[in-house]
Amino acid sequence: MRKLIGFVALCIAVGMLFMLFMSNRFIGLVLIMLLLLIGYNFFYCD
């Protein structure tokens, strides 16, 4: 279940990265960094 949550968080972060290029918002950048950190911890760490 943790790997699934990590994968979903990584996919959301990639989608938000595309959103960042369309409209430059600080909140989007913060959410991208947060979701990438959560995705990395859940997906790659045991």
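We number each residue from 1, following the sequence as shown.
- Atoms CZ and CG, from Phe42 and Leu35 in turn, are 11.0 Å apart once rounded to the nearest 0.5 Å.
- Taking Leu29 as the reference, Leu20, Met33 meet the side-chain contact (heavy atoms from CB on, under 4.5 Å) condition, with sequence neighbours excluded.
- Leu34 and Ile5 end up in the same hydrophobic cluster when Ile, Leu, Val, Met, Phe, Trp and Tyr side chains are linked at under 4.5 Å.
- In the hydrophobic clustering of this structure, Tyr40 groups with Val8; members are Ile, Leu, Val, Met, Phe, Trp, Tyr whose side-chain heavy atoms approach within less than 4.5 Å, directly or through other members.
- For the side-chain contact (heavy atoms from CB on, under 4.5 Å) test, residues two or more places apart in sequence or in another chain that qualify with Leu10 are Leu36, Phe43, Tyr44.
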